[in-house]
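Heads up: the structure comes next, in structure tokens.
Bear in mind the structure is a predicted one, so any value in this text is a computation, not a measurement. Starting from 1, each residue takes its place in the sequence as its number.
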Amino acid sequence: MSALVATVAFGPGLTGADPELERTASLAWRPRRAAHLLAVMATAALISAAPVLTGEPLAKTALMIRDTAGLAGLLAIGAAWGAQWAWLLPVGWTLVVVLSGPASGHAYQEVLTWMLQPAGTTSAAVSAATIAVAGVVTHAFLGGRR
């Protein structure tokens, strides 16, 4: 839950894509937006992993980082629709998965419920990484809409 809260808290900062500003910039905005989102992911991962640093781990650090990266990717994809809708994908996906429960057995079930799978599940890690990369690329190329 802390990964979801940390990720959604950064949503309003993903706005941008001002055409006038993009046209006059001396440095390209795509790398800047990608770096911004990677910094958001790193910060959210550190916030999520903070209980591990204090000696009271609630979950494995790898699990927290995986979930944070995936949720941040969903957040960035949602920001392409508009800053006011950036929260919808991470919160909606989380609610559906939590209400349906973690599924295992079939690969597609593990892929869809990646955030509730154990830390060593390869399909969940690949799903979260794919969503994170898709979010970074989407945000870098499209930016956030207002």
Side-chain angles (χ1 to χ4, degrees), residues 1-23 25 27-52 57-146:
M1 188 62 166
S2 64
L4 179 65
V5 171
T7 302
V8 173
F10 290 104
L14 295 179
T15 61
D18 183 3
E20 295 296 320
L21 183 62
E22 300 238 359
R23 190 167 31 90
L27 298 173
W29 275 93
R30 289 180 180 160
R32 289 181 190 186
R33 285 194 297 259
H36 174 246
L37 188 57
L38 292 173
V40 166
M41 287 181 181
T43 303
L46 285 175
I47 291 169
S48 299
V52 174
L58 298 175
K60 292 184 177 181
T61 305
L63 176 79
M64 298 299 281
I65 292 172
R66 178 196 73 196
D67 288 354
T68 300
L71 290 168
L74 288 173
L75 181 72
I77 293 169
W81 291 333
Q84 71 274 20
W85 301 111
W87 62 273
L88 190 60
L89 277 176
V91 171
W93 195 319
T94 302
L95 285 175
V96 169
V97 169
V98 167
L99 292 176
S100 66
S104 60
H106 298 290
Y108 76 91
Q109 290 175 326
E110 291 179 356
V111 167
L112 292 176
T113 60
W114 55 268
M115 63 184 71
L116 292 182
Q117 297 299 323
T121 309
T122 304
S123 60
V126 169
S127 298
T130 303
I131 292 169
V133 168
V136 169
V137 170
T138 301
H139 187 63
F141 281 92
L142 298 179
R145 303 290 177 242
R146 292 180 188 213

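- Each of Val96, Val97, Leu89, Leu95 was checked for a side-chain contact (heavy atoms from CB on, under 4.5 Å) with Trp93, and the lone residue meeting it is Val97.
- Of all non-hydrogen atoms in Val136 and Ala34, the two that sit nearest each other are CG1-CB, 3.9 Å.
- Across Ser123 and Ser127, no two heavy atoms sit closer than the pair O-OG, 2.8 Å.
- Trp81 contributes atom CH2, which lies 12.0 Å from atom CG of Leu142 (distance to the nearest 0.5 angstrom).
- Rounded to the nearest 0.5 Å, atoms OG1 (Thr121) and CG (Leu63) are 9.0 Å apart.
- Considering all non-hydrogen atoms of both residues, Leu71 and Trp114 come closest at N-CH2, 3.7 Å.
- Annotation for Arg66 and Pro118: closest pair NH1-O, 3.1 Å, computed over non-hydrogen atoms.
- Nearest heavy atom pair, residue Ala86 against residue Pro90, reads O-CD, 3.4 Å.
- Taking each heavy atom of Gly135 and Ile77 in turn, the nearest pair found is CA-CG1, 3.7 Å.
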